[in-house]
Amino acid sequence: MVVLKKWWIPIVIIVLISSIIIGAVIFFLTKKNRLEPIPVGVLFSLTGSLSVTEKPLVDATLMAIDEINKKGGVLGRQIKPIVVDGKSDAHIFKKAAVELIEKHQVVAIFGVYLSSIRKKLKKIVERYHVLLLYPANSEGLEESPNVVYMGTVPNQVVLPAIWWFFNNIGKKFFLVGSNNIFSETMHEMVKLRVTDLGGTIVGEEQIEREDQIELIVQKIVKSKPKVIINSLDPDMFVPFFKRLRAAGILPEKIPTVSLNLGEAALKNLDLSLMVGDFSVKAYFQTIYREENKKFIERFHTYYGQSRVVDSDMVSAYANVYIWKQACEEAGSVDFLKVQEHLKRQAFNAPGYILYLDSVTQHAWKIAYISKIQSDGQFGIVWSLDKQVKPLVCPPYKNKEYWDHFLTKTVKEAGSHE
Amino acid sequence: MNNKTLSEKMGRREKFAIIGVVFGICMVLGSWGYYFYLKQKTYESTEQNLVSILKDRSERIFSVFDHFVVQGQLRAAEPKIIEAFTTLGSLKPAELTSPTYQRYAENLRIFLQEKSTESSFNNSCLVSPQGIVLFSDWAPAYVGKDLDRKPYSQYNLAQSCMRARITLTTDISDFAYDPFLKRTTLYITIPILNQDKFLGLLVQKLSRERLFEISDDYIGLGITGDLVLGKKMEEGVLLISRSRIAKNEPLKKFIARSENSEEIYPLIYGASGYNGSGFSWDLAHKKALASWRFLTEVNWGIIVTIAQQEILDSLFAVRLMSFLIMLVFFLLFFILNYFFAWRQRFFRYIYPYVIHPAFRWSLLIILMTFTALNIYFVIRDAYNNKEKITLIAQEKVHAAVEKIEHILRTLETAAQDLAYDLGAQRLDKDDIFTRVKRELKLHPEIYGITIAYEPYAYSPEKRLYAPYVKRTETDYEIEYLEESYDYTKQFVAPQGLEAETQSWYAEPIKQRGIVRFDPYINLLPEKKLLGMFSVPFYGAQDKKKEHALGVVNVVFDMVAINKIVERLTLGSSGYAYLAGQTGALISYPIENYVINQKTIQEIAGLKGSSGLSIMTKNALEGKTGYGPYEDKTLHYRVWAYYSVVPSTQWPIFLVFAQQELEISSSLLRHYLIWLLIIIAAMLFVLLWILAPYSFIQRWYMQLLTAIGFFILVALFIIIRSTMVIEVHQNERETIITNEVALNKYVYEADLYAQYINDPTPIKVPFGLSLTSIDFVNPATLEVSGYVWLKYPEKMPVNARREPQFPQAVRAVTLKKTYEARENSMIVMGWQFTAQLAQDFNFSGYPLDLLSLRIDVEYPDDSKNIMFVPALDDYKNVLPEKMPGTYFNTVIPGFRTIKSYFSFYKEESETNLGLAAYEATSEGNYLSYNLIVERRLLYELIVFILPLFIILLLLYALAWVAEKDWLPIMIVSGYSGLLFSTILLHRALRDQFPTAGILYLEYIFFMIYFTIVPLVFYVLYKLYFYHGQSRINTFFVAYKTYFWLIQMAVLFGITTILFYSA
């Protein structure tokens, strides 16, 4: 009979070796999931006057983060969004940004809507070597290695719009805007373009308070423009359009072209006042494209069928993906490494493929002119067929002129704040 | 009681054997493990290498653009250029040819030449803010042209200028064919501003050779590596650069996204805005490692690929080493087992009762599992393919429906907004015309808009008022319908105006909402198909819509919708059609059906299928579904997926052949061959289990031989039957077997011409009827018969009127036999005889199928004329009916299986000295194909039977040649057989002097290799024979299993050669 002495020794050895092998396999397979999440800041106004505009941007950002996390995250790490309310106040925004960086150690901040607040945050992110991904349209005249500008600048949407309205509607323009850097710069740009084309600026006004609107509408009626260019902030839309219609200015006779009016803002307005007017943006929900259809479907799955998507939301969404791609190419989330890979980074966004400029980190975009329809949608009436290079320094004047202009405008805006 | 341990019970040899086996296993596992590790590492490093090559090439391309932009901006800043704008901008277009202008332009040219660098010489152009070309140093003929006007406005130069004028931003044009320069060109357009004034544009023509220098740089990409640039177009990519594999001309190759395949060319990813790398496919349809990237600013994709095989080839030595180690191990295992272990007591106990049965039974179970799996895979693939295709059909139809719906909705929304404004009286009476004009401008699809008021609704003084604003060639014109007839009453149309009797006015008022009408053909000479809908409008206070104020009627062109339907295809056979609510065709591949207003019910009747009739009825009822039916006109089974456009209830059908649902014949062959191999192995193992010790017995050998014979016969049957099905169209060849396929091909050719800015080719129907076919030699065919051409009357006067046979090896005899005029066409016929070069592949001889091809082309490439098969001239164009053969033309020794027309693409590597060659469509030959198979009688008598007899004699000689025979007799016998074999082999080679190794030749080689060991056996027996020995046993086994070995070798050779045929 065969007797095995110390029969348990080979079994123990086999069990030990098997355990080590299985343990090692499990360790390597789950390594990615055990990595620390990447903290990122999502800094918008959730309360206050700007919240109507900025809340949807938070939704779009969080949706992109969730989609990425579901697909495995960035470099095998989950993204951990830290949402902070800027409360529509520049000082709170500044404080929150510092807190996000110092306390939460965020590597990037997705946020901010107003140019004036962006300018303040720019200094902070530059000091701390953090990336700010800005989704809204801007007046340009600024670039920073720490900021990704996903919105448009004047040469991308305003210049095409002026050209189209000059050739298709009329040659007399009235400019009305808010008292801020964005409107100031837009007005300057439009004036130069209209004059060059041979048109006339019949009036230019900036509204600071609601009670000024009445007077300005009277001026519009008096000056008989063919087109009104509106760069007002969305919170002024309701009183402005009400008084405009009350004064008998109908879109069929004098159309208003809004630079800040998207689907989200339109939902808050009385549609009957708006049908027939125009908007100029780099995205509209009505863009007919498979990617757009699927994006809207996903957005509705996340937030419900009643929600709409607008240009700034798409930019906020794209910002997350652009940052993710740059991190993956860099193999790191470290700002200095990521920054090198941001330039010429492309993303197949819902509307079209958008990409960052190789120098300025502003996005190349396509301008769309649309007309507000009776069904509450923006019917696209014209668009460029190719992305336009963003010019940080608008044409006509040199850099010195625009620097001087900006310094002056910022100073004035500061005095208003 | 024996208290010995296992170790003590084992002898030294047993221990040695066990250690040897463990060591062997470790070596085998280690070597293969190392190979797979190395393979993974090589993939990773190659991928990294591809990514860095791609990055390098992308950077180089960007630096070319940056260089040109900087060059342009430097030039733009020159005071002389600014002055040129001031001077030339003030000239009227007529003055741009004056001597003063010429002098100024010459000075400017000299100035630019002095300022130019080598790369930017002779490439500047000045354009005014209004879009007039003021100066050009590369194309003086462009000067004075208005880029806003057609046809120039369609050119990439004009489009780039337009964008730069609108945005005042530097623009890079699309890389496209410039019809003016007759070459593919790319421009950089720089706006010039001075003192707050936009002066105009400086356009720099970019040297495309600079780009091609980069894209043709294959350093670091090995032998199979490729680098391609492309731009996204519809559902595919157009190659911008040359491909090393495709050897295409730039902008001449379009790669569509494959519908029914995982094989997606990675350039599609790159051009769609994605960056990445991984395994994909190259243009040779081989699995390749690829890296893709999107090139911003120009919106191109760029890829580098390298074939997977090339990467694996670099690991050949390691793979070979691992294989050898495994081989050595197995050999050692058997030797150890046989010489050492088997003789030991321990193994003697367990080997025959445990290891051996366990091995055999497990082998049988494994083989049975494989058989089951194989059968499962065949069924699964067949089922999945059907599911997948049906799903693709469904998705495609739904996507098309959505697109149609989108077009209709856009137009309807515009009309509804107009109705809203009219109802709310937001429009003054004077503004109506302006507003309608604007809608026409914004929606180019709209042909005309009528605003028809209810009696006295427009004005108390005017009963009816209905301005109809319609588009003209250059502008818009207005008609007042109330002056022609009372639109509120039923319009009784004169004969021929049937389509216009629809109640476009009364119906929407009655229904209090939008009413869509079926499209109709207008009465103008161009016979346009127009769609129409009407929207009533009501006063702002009339919330209940009780009193309509009038109707907005919109008439729109159906071109955009028809294009969607025309592009809706599936596989090689798919086509789609769309009909109106009543069933009248709106779009169908045969245009005459639409013009003659045939209905889908009539189509169902024409196809003679009750299945289609039911589906048609369902579709007209608004249902969606799919099903098969027998197409009596095409003579094969087809499937249709149908749906409806929701808003209009227009039924849409996507039809495709049943064969699209079936698994490919090559895949079926693979499955069947594997099944055969597994069944054979299973039968052998089963015999082994049932009679483990009978393998020397005669009955056992006979049984095995019989099994082997049947399996071999089954293999021949599989190959022969799947080879017949194999004649299908491939990427380069499009088979035309019916009018639908022809129209689809012609449509795609026209579309392709549009992509590359070519003029649409003129189509000339070509017919052929062969009277005799003969082989002059294996590479040349002599054919004679009749050919005819049908030239349209509008054919250019200087265009030649005869066909050309590009394969002709000698002058073709063309004897004109008739000329007649029929249906605005001139028919010319010739009797012809031609000797045509053929590129046959005889490697499968005698199991091969031959495709005899007769190519025809138009003699002058610069005329852009393409031949199309004159299908109408044949009674039956079904391939099995062999159209084009005169009384079933006989080819000696062959049987004709089918004949058909096809288009064959040949990408030329030269422009034949014609600068305008790029403007013509890609080299398309019309081919007439005749598929023939050998009758095999000749081959059976001349080769197969003698070879079998030789083998039989060899077998007999091996058995009868015993030691008492004189060696000289045995060797003489073998020599005689060898001599006969060589004679036969020579006869075969004489028949096919230029071919590679033929399948039949392998049987000859097999005989040679049979003779050699038998001769060695004779020699062995002569010098070393000393009774029974192992070598003797080996030769006895060799003789015993002679036929089985021959059949196994033949099976192996046949499988290897025909597996992927």
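Residue numbering restarts at 1 for every chain, and letters A, B, ... go by the order of the sequence lines.
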Handout entry: Which of Q416(B), R165(B), R438(B) touches chain A most, by non-hydrogen pairs under 4.5 Å
Key =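 Highest number of pairs under 4.5 Å: R438(B).
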
Practice task
Determine the option with the most heavy-atom pairs under 4.5 angstrom with chain A, choosing from I172(B), T410(B), D171(B).
Solution key: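 It is I172(B).
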
Enter the distance from [X]:[atom1] to [Y]:[atom2] here, rounded to the nearest 0.5 Å.
X	Y	atom1	atom2	result
Y274(B)	Q325(A)	OH	CD	9.0 Å
D375(A)	E412(B)	CG	CD	11.5 Å
F65(B)	S358(A)	CZ	OG	12.5 Å
N155(A)	T170(B)	CG	OG1	10.0 Å

Quick check: closest heavy atoms across [X] and [Y], and the distance to 0.1 Å?
X	Y	answer
P395(A)	L168(B)	CG-CB, 3.8 Å
L159(A)	T167(B)	CD1-O, 3.4 Å
D196(B)	Y396(A)	OD1-O, 3.4 Å

Problem - From CA spacing to verdict: salt bridge (charged side-chain N to carboxylate O under 4.0 Å, His left out), K403(B), E290(A) - result: CA-CA 10 Å; K403(B) 282 182 195 165; E290(A) 196 54 31; over 6 Å; no

Around [X], counting heavy atoms of other residues, nucleotides and ligands shown, do more than 12 lie under 6.0 Å from its [atom1]?
X	atom1	result
K171(A)	NZ	yes
K343(A)	NZ	yes
Y401(A)	OH	yes
H398(B)	NE2	yes

Considering only heavy atoms, which portion of [X] lies under 4.5 Å from any heavy atom of chain A: side chain, backbone, both, or neither?
X	result
Q195(B)	neither
A419(B)	neither
A164(B)	neither
L193(B)	side chain
E439(B)	side chain

Answer with side chain, backbone, both or neither: which region of [X] has an atom nearer than 4.5 Å to a non-hydrogen atom of chain B?
X	result
P394(A)	neither
N398(A)	neither
T286(A)	backbone
L354(A)	neither

Inspect the contact between [Y] and [X] and indicate whether a charged nitrogen and a carboxylate oxygen are less than 4.0 angstrom apart.
X	Y	result
R344(A)	D66(B)	yes
R435(B)	E252(A)	yes
D174(B)	K386(A)	no

Practice task
List the steps, then state whether salt bridge (charged side-chain N to carboxylate O under 4.0 Å, His left out) holds for R163(B) with D385(A).
Solution key: CA-CA 8 Å; R163(B) 283 194 297 269; D385(A) 58 353; 2.9 Å; yes

Problem - Student check: side-chain heavy atoms of I353(A) and K232(B) closer than 4.5 Å - result: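 A side-chain contact is absent here, since even the closest heavy-atom pair is not under 4.5 Å.
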
Problem - Side-chain heavy-atom pair M162(B), W163(A) within 4.5 angstrom cut-off - result: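 Yes, close enough: below the 4.5 Å cut-off.
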
Exercise for the section: Dump the intermediate steps for side-chain contact (heavy atoms from CB on, under 4.5 Å) on Q156(A) and T169(B), then the final yes or no. Expected result: CA-CA 9 Å; Q156(A) 294 173 302; T169(B) 310; over 6 Å; no

Handout entry: H406(B) and Y288(A) aromatic ring geometry - parallel, tilted or perpendicular at 30°/60° bounds
Key =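 Parallel: the ring planes of Y288(A) and H406(B) meet at under 30°.
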
Can [X] and [Y] be counted as having a side-chain donor-acceptor contact under 3.5 angstrom?
X	Y	value
N275(B)	E329(A)	yes
N299(B)	Q387(A)	yes
N348(A)	S272(B)	no
S374(A)	D417(B)	yes

Exercise for the section: Output yes when a side-chain donor or acceptor of D196(A) lies under 3.5 Å from a complementary backbone atom of F198(B), and no otherwise. Expected result: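 Pair found, side chain donor or acceptor close to backbone of F198(B).
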
Practice task
Determine the option with the most heavy-atom pairs under 4.5 angstrom with chain B, choosing from L192(A), L384(A), V275(A).
Solution key: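 So the answer, after comparing L192(A), L384(A), V275(A), is V275(A).
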
